[in-house]
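Below: the structure, in structure tokens.
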Amino acid sequence: MKVLYYDCFCGISGDMNLGALLDLGVDEDYLRQEISKLNLDTEYELHIKKDNKRGISGTRVDVVCHHNHEHHHNEAQTSHKSQNSHNNHEHRNLKDIENIIINSNLNDKVKNLSLAIFNKVAEAEAKVHGKPLYEVHFHEVGAVDSIIDIVGAAVCIEFLKVDKIMASSVQVGGGFVKCAHGIIPVPAPATVEILKNAPVKFGIVPFETTTPTGAAILAANVCTFTDHMTLSIEKVGYGIGHRELEIPNVLRIYLGYQDRDEAREEQYILETNIDDMNPELYGYIEEKLFAQGALDVFKSAITMKKGRAATKLSVLVKEIHEKSVVDVIFRETTSIGVRKYKVEKIMLPRDFIKINTKYGSVNVKNAYYQGEKVKYKPEFEDCKRIAIERNIPIAKVYQEVHKIMEADNNC
Ligand SMILES: O=C([S-])c1cc(C(=O)S)c[n+]([C@@H]2O[C@H](COP(=O)(O)O)[C@@H](O)[C@H]2O)c1
Ligand code: NI
């Protein structure tokens with residue numbers, strides 16, 4: 001499975017993201033050509049160059065806009081987004097942005113991903129400012145440089161054709177920042193809204209390391225946030241930020257592979273036939289077997305000698321758990337003998353994601369075969385808990401999970 005892993009030790013902004021993805025190998029000319037499909041009426045320049053921060057070299061992106069929007073100033077003015085300039089306000093709202101994207105010649109996947117990222121920002125702004133979604137006025141986030149950061153992110157992510165995007169915990173920084181609203185605390189309120197439910201780290205430096213745009217790129221793409229992961233790294237990209245900080249102001253993105261092949265493992269079946277035990281005990285014994293490391297416990301109805309109806313108890317274990325599992329069988333059941341045989345188990349690579357349904361969050365197990373996701377399974381216990389809490393049929397919970405999992409863009 002091809003994976004992008006965002007290492008956000010110094011946060012993420014729209015331009016750091018573009019820098020890191022270009023550094024990973026996204027073709028610069030392709031990005032320029034795709035962005036031109038937006039037919040923006042504001043002149044802009046995309047400056048892409050090699051740069052370094054604290055000895056780490058990577059790619060730096062600056063979007064420079066030449067404002068000639070009628071409701072601003074008569075004279076053309078130039079602004080660099082990174083300066084958080086008060087001069088670069090363009091008060092577009094979500095509908096304006098949607099129109100620009102929908103009327104462009106970009107492909108549908110890029111359009112949808114761009115819209116999903118903007119929607120994350122818009123929802124957060126609506127919440128923070130207490131306004132309906134379509135009445136929110138973007139300030140910085142609606143400016144041309146942000147449109148390029150966001151659509152550019154969608155273009156690059158699409159270009160890389162990964163199966164899954166993961167991220168580390170996200171450093172948001174600290175202090176205060178000056179923007180169109182005046183002076184606001186860091187993390188900016190919109191950033192906080194967008195990163196709800198993601199693991200966030202605060203205050204490594206007294207500056208804004210994660211912006212609403214950076215946060216929204218993560219929120220719209222990342223399946224799993226984790227600081228612990230196994231990845232076979234193929235490439236790494238560094239996106240250079242604009243500040244001089246005590247730590248390198250860079251975003252690192254890894255491109256790698258996880259669980260390329262199915263795994264094979266030797267395991268053991270421990271088995272015993274029982275014809276003389278109170279059947280009430282099986283449930284209790286099963287719990288004890290799992291507690292001692294059993295990977296699976298199953299019972300089959302069998303007929304033993306002299307026509308005796310009986311139960312075959314089978315327990316799948318790794319060798320290290322053999323002793324403790326046999327111990328449970330001999331102490332808790334009526335068995336006086338256990339058969340053991342080696343089996344080879346062939347397992348599909350799998351991972352777990354948490355999805356938010358309208359009823360609550362559910363863990364889902366994805367399984368992959370020959371690099372492709374072939375199946376997924378919602379965690380039964382989560383569905384059961386939700387069905388009980390909400391007093392709804394459990395099938396409805398499963399339906400909701402399937403709806404989300406089958407939707408585009410879901411990993
Ligand atoms: O544009 C708006 S409304 C805006 C809202 C907020 C809130 O938290 S509300 C914050 N900001 C700040 O603007 C700059 C630019 O952000 P980008 O995501 O466009 O890079 C940044 O400092 C934000 O915190 C803008
Ligand atoms: Ni705002």
Side-chain angles (χ1 to χ4, degrees), residues 8 10-20 42 44 46 60-65 67 69 72 79-97 100 114 116-154 170-196 198 200 202-203 205-221 239-243 245 249 251:
C8 306
C10 191
I12 175 171
S13 63
D15 39 32
M16 283 159 94
N17 175 63
L18 273 185
T42 307
Y44 66 88
L46 199 55
R60 173 172 169 155
V61 173
D62 289 277
V63 183
V64 181
C65 295
H67 292 277
H69 213 261
H72 288 291
S79 76
H80 286 254
K81 166 89 162 306
S82 54
Q83 293 165 346
N84 281 335
S85 160
H86 270 258
N87 297 328
N88 69 346
H89 309 158
E90 283 173 84
H91 301 278
R92 293 184 174 88
N93 61 25
L94 185 58
K95 199 81 249 135
D96 299 327
I97 303 278
I100 294 174
S114 307
I117 300 171
F118 264 110
N119 212 56
K120 292 280 178 197
V121 181
E123 279 173 354
E125 288 290 325
K127 182 87 194 293
V128 170
H129 301 300
K131 291 198 169 150
L133 194 62
Y134 280 90
E135 280 177 27
V136 163
H137 275 260
F138 295 124
H139 302 288
E140 285 92 344
V141 183
V144 162
D145 30 24
S146 296
I147 298 175
I148 292 174
D149 283 348
I150 289 175
V151 174
V170 186
Q171 176 61 239
V172 290
F176 291 85
V177 71
K178 206 169 173 187
C179 70
H181 295 309
I183 290 176
I184 56 171
V186 171
T191 306
V192 175
E193 267 318 303
I194 297 167
L195 290 181
K196 271 182 182 166
V200 161
F202 297 86
V205 286
F207 297 98
E208 183 180 43
T209 52
T210 296
T211 61
T213 300
I217 292 168
L218 293 179
N221 286 290
I240 305 291
H242 299 117
R243 292 185 191 278
L245 303 173
N249 185 203
L251 166 67

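In listed order, ligands and their atoms are each counted from 1.
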Start with the C-alpha gap between L251 and C8, add the side-chain angles, then the distance that decides, and say whether side-chain contact (heavy atoms from CB on, under 4.5 Å) holds.
CA-CA 6 Å; L251 166 67; C8 306; 4.0 Å; yes

Going through the distances and angles, do V205 and R243 end up as a side-chain contact (heavy atoms from CB on, under 4.5 Å)?
CA-CA 11 Å; V205 286; R243 292 185 191 278; over 6 Å; no

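The Ni ion (ligand 2) has an N, O or S atom of H129 under 2.8 Å away, backbone or side chain.
Short contacts between ligand 1 and C179, defined as distances under 4.0 Å to a heavy atom of the residue, involve ligand atoms 11 (N), 12 (C), 13 (O). The atoms of ligand 1 that sit less than 4.0 Å from any heavy atom of H129 are 9 (S). The contact set between ligand 1 and T213, taken as ligand atoms under 4.0 Å from a residue heavy atom, comprises 17 (P), 18 (O), 19 (O), 20 (O). For ligand 1, the atoms sitting less than 4.0 Å from at least one non-hydrogen atom of E125 are 2 (C), 3 (S), 4 (C), 5 (C), 6 (C), 7 (C), 9 (S), numbered in the order shown with element in parentheses. Per-residue contacts place A188 under 4.0 angstrom from the following atoms of ligand 1 (heavy atoms of the residue considered): 8 (O), 10 (C), 24 (O).
Counting only distance, with no hydrogens or angles, the side chain of D145 and the backbone of V63 share no donor-acceptor pair below 3.5 Å.
Between S146 and ligand 1, at least one pair of N/O atoms sits closer than 3.5 Å. Distances between N or O atoms of I184 and those of ligand 1 include no value under 3.5 Å. Taking any N or O of A190, backbone or side chain, at least one lies under 3.5 Å from an N or O belonging to ligand 1. Considering both main-chain and side-chain atoms, H181 never comes within under 3.5 Å of ligand 1 through any nitrogen or oxygen pair. Considering backbone and side-chain N/O atoms, E208 comes within less than 3.5 Å of an N/O atom of ligand 1.
In terms of heavy atoms, A190 sits closest to A124 at O-CB, 3.7 Å. Nearest heavy atom pair, residue G173 against residue Q171, reads N-OE1, 3.1 Å. What you find for R60 and G241 is that their closest heavy atoms are NH1-O, 4.2 Å. Across all their heavy atoms, T213 and S146 have their closest contact at OG1-OG, 4.3 Å. Pairing each heavy atom of K120 with each of I194, the nearest pair is O-CG1, 3.8 Å.
Under a 4.0 angstrom heavy-atom cut-off, K178 registers as lying outside contact with ligand 1. The closest approach between P189 and ligand 1 falls below 4.0 Å for a heavy atom of the residue.
The Ni ion (ligand 2) is closest to atom OE1 of E125 (considering only N, O or S atoms).
Here K131 contributes atom NZ and E125 contributes atom CD; the two are 9.5 Å apart, rounded to the nearest 0.5 Å.
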